[in-house]
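See structure below.
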Number of protein chains: 2
Amino acid sequence: MAKSIKEIAQELNVSKSTVSLVINHKAEQARISKELEKRVLDYVKKVGYKPNSLAKSLATGRSNTIGLIVENIGDSFFGPFALYVEELLRKKDYHVLYSSTLGDPQNAQDIIDFMLEKKVEGILLAPTVDLEEHQRKILEHKVPLVVFDRNSPEVATHYVHIDNGDSSLKACSHLKSIGCENFGLVTIDSDQPQMLARKNAYLQFCKETGMQARILHLPYHSLRQKGMTTLRNWVSKNTELDGLYFTTNYLCILGLKSLRTEEGKIFDFPLFSFDDHELFDILNPKISCIRQPLEPLAKTCVKVLLKEIDRGISIPREYVISTDLIKR
Amino acid sequence: MAKSIKEIAQELNVSKSTVSLVINHKAEQARISKELEKRVLDYVKKVGYKPNSLAKSLATGRSNTIGLIVENIGDSFFGPFALYVEELLRKKDYHVLYSSTLGDPQNAQDIIDFMLEKKVEGILLAPTVDLEEHQRKILEHKVPLVVFDRNSPEVATHYVHIDNGDSSLKACSHLKSIGCENFGLVTIDSDQPQMLARKNAYLQFCKETGMQARILHLPYHSLRQKGMTTLRNWVSKNTELDGLYFTTNYLCILGLKSLRTEEGKIFDFPLFSFDDHELFDILNPKISCIRQPLEPLAKTCVKVLLKEIDRGISIPREYVISTDLIKR
DNA sequence: TATCTTTACTAATACGTTTTAGTAGAAATA
DNA sequence: TATTTCTACTAAAACGTATTAGTAAAGATA
């Protein structure tokens, strides 16, 4: 059904080269006559020719595809982020091959291999832990790489991120300013760098203000099963708590679900979330948060990656996006 | 950096064919000696050979990729759905090329063309309106197509969906059963089939029970700007309303945001949403809903598509997934 | 008229793989 | 010893495109 250049050439009694040149708007530079050009163009249109982009990519070395590797395309951070990325790249005629690692390094490795085989022109990666070697592999293959959200300090790559430490301090100050004198931190037990940075800022805040640090590490790999009860127990044991700071929105949601009482009221001290959520502004109590501005984040990632693709790989840099403190 | 079969062959002083056959585990059937096989295998491993999958696909006609076209990868229905799809396909060694149409037929067409050019082996599509012609094109290209969530009745394709009419009746009955005698329906003005089906069931319910139909059509293309005030005005005009049935969760969220009062309390009659949301169970008032079971939906889609790919295109069928009524 | 330019193309090669038909040499058969 | 059969490979074509060097014919120049 789908005709190839070869067939079209035969049917028009011209050479493949002619057809290819015309199709790629190189008729003039190749001195193809206007008449022939038109004849080819008309015929191509008539039969509805669509190039085989595999063959094209093989010949040109360009796939017009970039890879986007996130933790979970279904969550409220990466999903909308991916949409921005796609929209921005669509304008530049690029398409996105995405994949979710679910935090599993093995998945991540498979995905990276697959993308390299597919000859993506660049990769946008939110790394899981233990991915240093694979990041190196990407760079060895001369494929431009931009890392965002988290990174592995051991491999030098372009890195787009928010200032987790600063933002976390802002969060702490906010809680203090609204009267919390003994708020605790709820985070996960996996050592993702961005989580560590948020926690460390909390510890620093404690040191500076003399507040006692109270930290709960929930099990990343069995949140669903154990998270709720662990959190509930911890809160009821620590009666002096007067506020909770969750290092990410899914933890905050877990908090909301596990700590509410029968009557629907949740409890009587403020909650704070790192990362916003579309319903945080209508919950009771309202949830203040640090908001990662998705659009600037996506824009920067895409801009940096496209530049690498266009001009060749350059010395790694960091790009810091500032966050917003949303008081509610 | 990345070696090709050709180079490997030269370096080993054997033919390309030999290398290719060994790599593809056809050494035995091609009577390659064990020794040579091992020599090749060892070398291939040593240099870290990765096939160029573009060339491979060009030669074999298989891309091991399927296309997933949704409305918005960032929303709480398609995002998690996409994750299920990816997980299921990963097990079968397929990868996903996804794209969001944002409800724009032009985007959808571009995406479909791109995917056909990329030689995806099958397409999973949640159609926007006006896509009949392109669905035909996909089928003309002999690319297996499975449509889900919505469909265009004019083109016969495999179609995986929930029973919108039945589910909508369940919703209406539920509202009545909890005492709503005059509940209204809030939907959008675009004529997506699934939305029409939900509305028609409501109308049928009205006819059968003698309830007066009160329907608000919000503008699909300017929801953000006009939705909130339109809804608010409508509700305050229709004072006899004692319940609201939203035909999708994003409308319900819009309802929650626009109808709540300063004190945080939302209002005093029940809300019902078609489609669940991760926070509906902790809101006040609690939101009952029809839940589309994402996993069975995704499983069926993937199963049907893979079957089409394996055994060739078959006569279109419908697959109906039953929904759950979640009372809260 | 012999040479140089220009015009309007095309032939050939390359991209990296798969696959089938073919082949040289050794071993078996008659 | 001449023929057949195996063994262990390889040559060549194919997938569909892009690109560059080349060429025949016509026109311009001296």
Side-chain angles (χ1 to χ4, degrees), chain A residues 1-41 44 47-65 114 116-121 141-142, chain B residues 1-41 44 47-65 114 116-121 141-142:
Chain A
M1 192 76 251
K3 301 226 177 194
S4 68
I5 282 191
K6 188 177 164 186
E7 292 169 291
I8 290 181
Q10 279 167 354
E11 286 158 25
L12 285 175
N13 272 315
V14 297
S15 75
K16 291 193 295 172
S17 327
T18 304
V19 178
S20 174
L21 289 166
V22 169
I23 287 172
N24 290 295
H25 309 105
K26 293 184 179 165
E28 185 153 13
Q29 104 183 34
R31 303 171 185 284
I32 310 279
S33 65
K34 288 287 169 204
E35 302 90 75
L36 215 196
E37 182 180 11
K38 184 163 185 320
R39 200 154 67 89
V40 172
L41 245 24
V44 157
V47 301
Y49 168 76
K50 290 283 169 204
N52 178 325
S53 84
L54 296 174
K56 202 165 183 165
S57 297
L58 187 58
T60 59
R62 309 206 51 188
S63 64
N64 264 48
T65 305
F114 178 80
L116 290 178
E117 287 173 22
K118 281 279 175 193
K119 302 294 167 190
V120 295
E121 293 183 32
H141 280 250
K142 305 281 180 225
Chain B
M1 193 76 251
K3 301 227 180 195
S4 68
I5 283 191
K6 189 177 163 188
E7 292 169 292
I8 291 181
Q10 279 168 355
E11 287 158 22
L12 284 175
N13 271 316
V14 298
S15 75
K16 292 192 297 172
S17 328
T18 305
V19 178
S20 174
L21 288 166
V22 169
I23 288 172
N24 291 296
H25 310 106
K26 292 183 179 163
E28 185 151 13
Q29 105 184 33
R31 306 170 183 286
I32 310 279
S33 65
K34 287 286 170 206
E35 304 90 74
L36 182 55
E37 182 181 10
K38 183 162 185 319
R39 201 153 66 89
V40 172
L41 245 25
V44 156
V47 301
Y49 168 75
K50 290 283 167 203
N52 177 326
S53 85
L54 297 175
K56 200 166 183 165
S57 296
L58 187 58
T60 58
R62 307 206 52 190
S63 64
N64 262 52
T65 304
F114 177 79
L116 291 178
E117 287 173 21
K118 281 279 175 192
K119 302 292 166 192
V120 295
E121 293 183 33
H141 280 250
K142 306 279 181 226

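Residue numbers start from 1 in every chain, and the chains themselves are labelled A, B, ... in the order their sequence lines are given, proteins ahead of strands. The analysis underlying the following values was restricted to heavy atoms, covering all of them including side chains, and did not include hydrogens, waters or symmetry mates.
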Item to complete: Enter the distance from B:Glu37:CD to B:Glu28:CD here, rounded to the nearest 0.5 Å.
Response: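 If I round to the nearest 0.5 Å, the distance is 8.0 Å.
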
Are any of [X]'s side-chain N or O atoms less than 4.0 Å away from OP1 or OP2 of [N]?
X       : N      : answer
A:Asn52 : D:dT17 : no
B:Tyr49 : C:dT17 : yes
A:Arg31 : C:dC9  : no

Worksheet item: How would you label the contact of B:Ser20 with the nucleic acid (heavy atoms, under 4.0 Å): base, sugar-phosphate, or nothing?
Response: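 Counting heavy atoms under 4.0 Å across all strands, the contact made by B:Ser20 includes a base.
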
Discussion item. Reading DNA chain D from 5' onward, which residue's closest nucleotide shows up sooner: B:Leu36 or B:Leu58?
Written reply: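 It is B:Leu36 whose nearest nucleotide is closer to the 5' end.
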
Discussion item. Can you measure B:Gln29 atom CD to C:dT19 atom P for me and round it to whole angstrom units?
Written reply: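 Roughly 9 Å, once rounded to whole Å.
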
Worksheet item: Atom CZ of B:Arg62 and atom P of D:dC15: how far apart are they, to the nearest Å?
Response: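 Those two atoms, CZ and P, are 19 Å apart.
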
Side-chain donor/acceptor of [X] to backbone N/O of [Y], under 3.5 Å:
X       : Y       : answer
A:Glu7  : A:Ser4  : yes
A:Ser20 : A:Lys16 : no
A:Ser15 : A:Thr18 : yes

Worksheet item: With no angle test and no hydrogens, is the base of D:dA18 tied to the side chain of A:Ser17 by a donor-acceptor pair under 3.5 Å?
Response: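 Not at all, since no donor on one side and acceptor on the other fall under 3.5 Å apart.
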
Worksheet item: Ignoring hydrogens and angles, are the base of D:dT17 and the side chain of A:Lys16 linked by a donor-acceptor pair under 3.5 Å?
Response: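 Checked by distance alone, the answer is yes.
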
Worksheet item: In terms of side-chain heavy atoms of B:Asn24, which of C:dT17, C:dT10, C:dT18 is nearest?
Response: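 Per side-chain heavy atoms of B:Asn24, the pick is C:dT18.
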
Practice prompt. Between C:dA11, C:dT17, D:dA8, spot the one nearest the side chain of A:Ser15, thanks.
Written response: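 The listed nucleotide nearest to A:Ser15's side chain is C:dA11.
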
